[in-house]
Amino acid sequence: MPNPLRSISHPAVDFLVTFLRGRVQRARSGELDRGASAVEWVIISAVVVAIVGVVAAIINMALSDGARKVQDCIEGADEKGTC
């Protein structure tokens with residue numbers, strides 16, 4: 001059976017067919033394992049960034065709460081009293 005893509009004679013089509021064949025061959029050979037490793041590192045990095053963000057938010061809330069308590073204590077203090 002003749003290949004329908006062979007009937008088209010244009011350099012861009014020839015390049016596209018050759019390029020796609022090369023990509024399919026690389027995918028089948030297992031050369032793309034490096035890309036999988038990179039994706040794993042991106043996922044791990046995203047998880048670490050998310051954890052750091054959550055910890056930073058918790059610390060920020062604790063500091064804001066402590067600062068609010070100190071402010072309330074200063075505003076409500078008199079000359080004799082302490083917080």
Side-chain angles (χ1 to χ4, degrees):
M1 178 155 93
N3 188 350
L5 293 179
R6 290 288 177 196
S7 64
I8 301 173
S9 179
H10 192 275
V13 174
D14 292 339
F15 172 76
L16 181 62
V17 169
T18 304
F19 177 76
L20 291 175
R21 283 185 182 157
R23 296 290 291 179
V24 169
Q25 186 177 9
R26 275 184 56 202
R28 287 181 180 165
S29 71
E31 270 185 55
L32 298 178
D33 289 344
R34 292 179 302 162
S37 180
V39 170
E40 290 171 358
W41 277 107
V42 168
I43 292 171
I44 290 169
S45 299
V47 168
V48 169
V49 167
I51 291 171
V52 168
V54 168
V55 170
I58 291 171
I59 290 172
N60 188 22
M61 280 194 315
L63 289 175
S64 295
D65 188 41
R68 194 174 314 109
K69 287 180 183 178
V70 170
Q71 181 181 4
D72 292 344
C73 180
I74 290 172
E75 288 173 355
D78 56 6
E79 291 178 14
K80 298 182 215 170
T82 59
C83 295

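Every heavy atom of this structure was used, including side-chain atoms; hydrogens, water molecules and symmetry mates were not.
Screening residues 45-61 for salt bridge (charged side-chain N to carboxylate O under 4.0 Å, His left out) gives no qualifying pairs among residues at least two apart or on separate chains.
Among residues two or more places apart in sequence or in another chain, the side-chain contact (heavy atoms from CB on, under 4.5 Å) test is passed with Gln71 by Glu75.
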Show me the side-chain donor-acceptor pairs of residues 42-68 shorter than 3.5 Å, one per line, residues at least two apart or across chains.
unit_1: Ser45; atom_1: OG; unit_2: Trp41; atom_2: O; d: 2.8
unit_1: Ser64; atom_1: OG; unit_2: Asn60; atom_2: O; d: 2.9
unit_1: Asp65; atom_1: OD1; unit_2: Arg68; atom_2: NH1; d: 3.4

